[in-house]
Every structure is written in structure tokens, then in C-alpha cells.
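Encoded as C-alpha cells, the structure appears first; notes follow it.
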Amino acid sequence: MEFLTPFKIAFSLLLAADPELMGIIRLSMLISLSAVACSLAIGLPVGALLASMKFPGRQAIIILSNTLLSMPPVVVGLIIYILVSQSGPLGWTNILYTPYAMALAQTVLVLPISIALSRQVFETLNGEYDRLFISLGISRWQRIKTLVFDARVALVTIALACFGRAISEVGAVIIVGGNIRHVSRVMTTTIALETSKGELGIAMALGIVLLSIALLVNVASQFISAHFKKAGLDV
Amino acid sequence: MSDHARHNTGIVTATHVSFRADSQTLLNDISLHIGRGTITMVLGHNGAGKTLLLSALHGLIAPQTGKISGPVRDKQKMVFQKPVLLRRSARDYFKFLCPGLDDATTESWFEKAQMDTRLSTPARQLSGGESQKLALIGALASQPDLLFLDEPTAHLDFESIRFIETQITDAHKSGTSIVMTSHNRAQAERLAEQIIFMENGKIVETADAKTFFSAPKTDAAKIYLNHY
């Protein structure tokens, strides 16, 4: 095969909006966006809590979430597999080899990122705002709400970082999703499969989409940071 | 109520308050009584403990020993030397400082401060004078019984200083007790009724303002007044 052939096939598939290709892209986006939403919904309050309050077990949670940052995706996939397989404690959910299990695995993978990054942002803000909060005598809940609202720009950047990590994940989702055609096949798992079959055209097409998404995420992140820094809303 | 009776009714009382940090005594056995409805000025060189004293009286720091009594939390406010500005518009920041105010009242305070064109400006983009005025009106709008002001006019232009001093005088007339620090002797002479003079974390002299400026009792106060 000529060096440029996969590129030619890739562009023709993308330009023709190949239905199978579009389905894979749609499913990938859906799973990763769901995982990011779940990880932010859990991670942001936890990050704010860790940054603004001292309580027993706080240090243990910080160490655990920092450790999970470097957890290999295949290990996460294995753990989720054991949990949701028929004999596992979550076997009753019947989500193994479905997009739900894949979203769960991605959530577990990006949750430590959302906790660690948001904790850093909230710690900076809390240090800056602390005397005002004490002076006004505001409640803990209002403190967390204020921190989350005022960190909104940084949180968009954190969400983009989480999305970048989730969309490019392959090890965990191939274990719990099974890479089943029309059911649980996403961009990264398809690239792995098609490359092993020698079908480099479709693999390259999805590679181009993934790279484009990475580029968009970075451009958006830079644009948002620059825009809000100018408006004095950055952290 | 006569001036004498007013001063005898305390708004803040501190008894044998000491605060230590990094094995240094930063507030040393402070006892004081601040009269209701007065303007009390805390004077002293840099590092004398003025800001720390205000922070302790307002409850921002917890002294290791001693007792402080004052109004409940929502009846006392503090304006910091460098305002803590949230990442939101000036209007939203003002509403954060005094929640529950309607839009018309909010806008009237901004007009009073000649900042009605700055309602939508991000608070952190305001100038030093504007942000200090915003912090002050945010504190005053909730009509506190007690207001702590930590060098509220430091590094500000004449117009901002005049506005802030007018607001302090008006708040005082409507019954707010004010405790403030300043390095500006002329300002202290214009505003203060009572003086607390500090050195090295201790109160070395308390007096009514006229007596303090005309005939200070301690050598430390005499030296201080010669410098300012």
C-alpha cells in the first residue's frame, strides 16, 4: 500500500460522512461527554470540600485521588470489568459490554483529574477569599457555591482537560465495552481493531477526527483563558 | 444620649487578649473598651499590630488568650486595606456583600459613589480607588452597628479620600461605631474621637483625640507624632 493511500481513503470517508464512521464518532462523543459530566458533578464539590475544609480523612482522600491520577487505564478497565461482570457486586446492572460500562470506566479515569485540578484552583481562591468569607460569616454551602462560581473559567479548562483524556482512552473501554460493532465501538477501539486488520483508511480517518478534536479542545482552552484573563475573571 | 453616656456604653470590649504566631507575641495583653457610636482611630508605626488588632476584634483570627465581646457577625463589617474582590461584576459583588438589597437601592449606592457607569464592570478591573469605594459602600449598605476600616484611604487620590471620609462621617452620624487605622495624621485629626496608640503589639496610650494630639502622655506617642 502506498504511504498516502490511507490518507486518501480517510478523507473520502470523512467527506462522504460514512454512516458507520459517523455512528462511531457520535457514540465516542456521547460516552466521553457523559463521563466528563459525571466526573465534574462528583469531582468539583469534592475538590471544593478538600480545598476549603479540614476534616478527618481529608489527607487520605487527597493521597488516594493523586494515586489514581497515575492508575493505568487497563487496570481501571479490569476493576470495572470485575465489578460489572455477572458475578461482580454490580452484575445486576447488566451494563457489561454496553456504552454505560464504558462511560463508567472513563468517569473513574477522569475523576481524579477533575478532583486534583479543581482542588488546586479552589485552594488558590479559598486562600484569597478566606478573610472575606469569615468577615461576612457565610455558611459552608455558600462558600462552596461561591468558589465554584468564581472558578467557572478555570473549571471550563478542567472540563476540557478531562474530555481530552476521556476521548483518547482505549485500554479501559476495550475491556468493558468489548468493541462490539454498532454497540460499543468507539474511535480509539476502532483504530486499534482496524489497524490490526490492515484497514488503515478507516483507522486514519478516525485518527484525523481525534487529532482535530484535540486541536479544538486546545484552541478552545487557550481562547477561553485569554478572553477571561482580559476580563479579570481568571484564577 | 450624652456623649459621656454614649462612650460608656461599649460596642467592643477586649480583655487581656494576646496573639502569638511563629513564637512571636504579636498582640500582647490587649485590654480595651470601645464606646458605642464613636470613631476610634488605631495609630502606630508599621508592624505595631494595628491590622492584627482589628482582625482579632472582628473575629478573623483567634487569639490564644483573652476574651473579646462585640456585636453579632452580621452587625459588624470590615473593609480591608486591599479589598478582596470576587470574580464577578461590580453589581454582583456589591450584592454578595449585602444580599437582599433590591436593584434600585443598589443603583442608588453606585450613584452616590459616582460609579453608576461601572455597575457591569468586572470588580477586579476597577481602579484602586473605585474598588475601595465599592468595598465601603458594600459594608455601609447593610447598616452595620460596627465598622472596621483598615487604612481605607491608603494610596488613594484626593477625590476618593474625600468620598470615603464623607461616608465615614455620615455613618457615624447615623450611629455606626467605627474603628479604623490610618497613617495620615491630618485624617486622624479630622475624624477621630478616640485614639488607641500601639507599639510592638501593645497599647501604650489611649486618649480622646484632642488630648492625644495636643498633649500625648508617652514618649513613644510624642516620637510618633513628631514623625507624622
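Lettering follows sequence order; numbering is per chain, from 1.
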Q: Please list, in residue-number order, every residue in residues 151-177 of chain A that has a heavy atom less than 4.5 Å from any heavy atom of chain B; write 'none' if there are none.
A: A/Arg152

Q: Give a yes or no on whether A/Arg140 atom CZ has more than 12 heavy-atom contacts from other residues, nucleotides or ligands under 6.0 Å away.
A: no

**Q.** Residues in residues 124-136 of chain A near chain B [non-hydrogen atoms, under 4.5 Å]
**A.** A/Leu125, A/Glu128, A/Tyr129, A/Arg131, A/Leu132, A/Phe133, A/Ile134, A/Ser135, A/Leu136

Q.
Are there over 12 heavy-atom neighbours, none belonging to B/Arg73, within less than 6.0 Å of that residue's CZ?
A. yes

Q: Measure B/Phe96 against the heavy atoms of chain A and call it side chain, backbone, both or neither at under 4.5 Å.
A: both

(Q) Would you say CZ of A/Phe55 has more than 12 non-hydrogen atoms from neighbouring residues, nucleotides or ligands within 6.0 angstrom? (A) yes

Q | Greater than 12 external heavy atoms within 6.0 Å of B/Lys95's NZ | A | yes

Q. Should the heavy atoms of other residues, nucleotides or ligands under 6.0 Å from CD of B/Gln64 be counted, would the total exceed 12?
A. yes

**Q.** Residues of residues 55-62 of chain B contacting chain A, heavy-atom criterion under 4.5 Å, by residue number
**A.** B/His58, B/Gly59, B/Leu60

Q. When only heavy atoms count and the cut-off is under 4.5 Å, which of residues 75-89 of chain B reach chain A?
A. B/Gln76, B/Lys77, B/Met78, B/Phe80, B/Lys82, B/Val84, B/Leu85, B/Leu86, B/Arg87, B/Arg88

